[in-house]
Amino acid sequence: MNICQLLDQHVSAAFSAVKLPENTPTVIKPSARINFGHYQVNGVMGAAKKLRTNPRALAMQIVEQLDLEIIANKVEVAGPGFINIHLKPAWLAQQLEQASKNSDRIGVNTAKSRMTVVVDYSGPNLAKEMHVGHLRSSIIGDAVVRVLEFLGHKVIRQNHVGDWGTQFGMLIAHMQDQQQSGSDLAVKLADLESFYRESKLRFDQDADFATAAREYVVKLQSGDEQCKALWQQFIDISLQHCDDVYQQLNVSLQRSDVMPESAYNADLPHVISDLDTQGLLTHSDGAQVVFLDELKSKEGSAFPAIVQKSDGGYLYSTSDLAALRYRHSSLQADRVMYFVDARQSLHLQSVFLIAQKAGFVSEAMLLEHLPFGTMMGKDGKPFKTRAGGTVKLTDLLDEAEQRAYNLVSEKNPDLDEAEKQLIAHKVGIAAVKYADLSKNRSSDYIFNWDSMLSFEGNTAPYLQYAYTRINSIFKKAGQYDSHATLQLDKAEEQQLGLKILQFEEALQYVAKDAMPNMLCNYLYELSSHFMTFYEACPILKADQATKDSRLKLAGLTADTLKIGLDLLGIEVMERM
Ligand code: ARG
């Protein structure tokens, strides 16, 4: 149990002792400033208001009932009815001792109820190379996945790649022609982006080619062998490209996590017939539509979700319905999380609604769309190349590594080449990821090389550097006793110790709200507390017992930083 939960138990007990209605929220938060104690109970004012009684008097009553003797040395009523709790340094030290026993978890418990969580993220369209538009889903989803797993949940990654749309007809037609005219397909497909562009150009300009392309889609979807072989060749290359990007980006998605749109093809007719049996379908201009009153437009008309076109073709929403049903019945998910662009919000809302109405999912299954905003250029418009084209993800990542390389070479020219390159890779990728993860996911943000690569402020290089600094202290420390007793005499030691103990709370926020920025903020504050501690509390010059204790605290900080960054998909290094 973390400190917040422990206090919550005590405060709830005190709440019922003074006969507050059951389920009165306790609202316990870490205090913003040390003179308000370590934790603050904010729930009393709300309760007093409901009961029309004096909040301060109520707070006093509660404090009298509050049995915190073992953990706190002062509990006081402040302001209009806050309760401030000052924890005992000795108790904090004892908790930390406990946490230090397992340096892989630093006291973080696994969740009480283990859930099966399906996480749908990345999901690029395989017709083209991955571009910057795929960055956010891939890295935010991956951070949340890692945190959920760390907390002991069963996570099933689902990379819902687009491999089945009309675009593939055009690509197959172009492959077919290229092959016939004797050019080496493998060579041509090495550059997926130009292959796509060539196909698209022909599709737009050549009517015969366009007709052939449309025929190929039908052939593909009806299982034509030769067509399928060409398509498979294309898909394999495209997936290999995705794997390379995930590897460079340190995103944990594997080939086995790919569950493509095409996998649901056989189930699509059943989706339609089942919707029909449920009486949910309306035939409208030849198409099959589910009208959703819940998503009324401004004019008051129900939202029409098309699930089958008049030519019999299925849509993006049809495969999403099939996917959801699979996630319920085969994967047995308790919670399904979609890390998908905010612009697809209506699409997902309608899919969730239809699946619920049709009984494709259970009522208890949690369905969450976790939208994110757009990555913007300096001009405040969606991030583009100078010429206005989409930026390939590999190009962006290569540039990040190059910029980090220049920085490292400048700061530390004596490092050998191989180490410089490794550091550049870790720092460059981390900078891009952290700049994104540290923002509130739901808003747009402006991409800025200089601020993300800065060694000051809430950035990846700052945190990676903080980690190396602690390492260098250990290098200089010489002999020390790693089993020394922790003593938290100074306020700065207590603050740092408490922060380490709050790691689990930060992770729980991330798991609940799917907001990795909560973890970023936590790690940044942890490093800042460390710096304050380091300035106020000399380590190497202290007497042996104090030195050992402080080194232990520094070690716990480093371990927490390392685990926390790893959960964000960010690597650390011993020196930089
Ligand atoms: N392939 C889609 C796109 O590029 C994203 C897939 C998101 N996941 C889903 N189940 N719809 O927009």
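Bear in mind the structure is a predicted one, so any value in this text is a computation, not a measurement. We count ligands from 1, going down the list as the structure has it; atoms in each ligand are counted the same way.
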Quiz item: Should Glu261 and Asp163 be marked as a side chain to side chain contact (heavy atoms under 4.5 Å, CB included) after you check the CA-CA gap, both sets of side-chain angles, and the distance that decides it?
Solution: CA-CA 6 Å; Glu261 280 182 28; Asp163 65 344; 3.7 Å; yes

Are any of the side-chain heavy atoms of [X] and [Y] separated by less than 4.5 Å?
X: Leu189; Y: Met175; result: yes
X: Phe447; Y: Met452; result: yes
X: Ile139; Y: Leu249; result: yes

Quiz item: With sequence neighbours left out, which residue pairs that include part of residues 308-318 fulfil the side chain to side chain donor-acceptor pair (under 3.5 Å) condition?
Solution: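 Pairs touching residues 308-318 that pass the test: Tyr316-Gln344.
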
Quiz item: Between Asp320 and ligand 1, is there a nitrogen or oxygen pair with a distance under 3.5 Å?
Solution: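 N/O-N/O distance under 3.5 Å: yes.
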
Quiz prompt | Option whose closest heavy atom lies nearest to atom 1 (N) of ligand 1, chosen from Ser122, Gly123, Gly133 | solution =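 Nearest option to atom 1 (N) of ligand 1, by heavy atoms: Gly123.
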
Quiz item: Which ligand 1 atoms does Tyr338 reach within 4.0 Å, using its non-hydrogen atoms?
Solution: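 It comes down to these atoms of ligand 1: 10 (N).
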
Practice problem: List every atom of ligand 1 that sits less than 4.0 Å from any heavy atom of Val340, numbering the atoms from 1 in the order shown and giving each element. | Solution: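 Ligand 1 atoms under the 4.0 Å threshold to Val340: 7 (C), 8 (N).
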
Quiz item: Any heavy atom of Tyr316 sitting closer than 4.0 Å to ligand 1?
Solution: yes

Practice problem: Return yes when Gln344 approaches ligand 1 closer than 4.0 angstrom through a heavy atom, no otherwise. | Solution: yes

Self-check item: Nearest non-hydrogen protein atom, atom 8 (N) of ligand 1
Solution: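 Heavy-atom neighbour on the protein nearest atom 8 (N) of ligand 1: Asp120 OD1, 3.1 Å.
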
Quiz item: Which part of Leu348 is near ligand 1, with near meaning a heavy atom under 4.0 Å away: side chain, backbone, both or neither?
Solution: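 For Leu348, no heavy atom sits under 4.0 Å from ligand 1.
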
Practice problem: Enter the distance from Leu366:CG to Phe352:CZ here, rounded to the nearest 0.5 Å. | Solution: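 If I round to the nearest 0.5 Å, the distance is 11.0 Å.
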
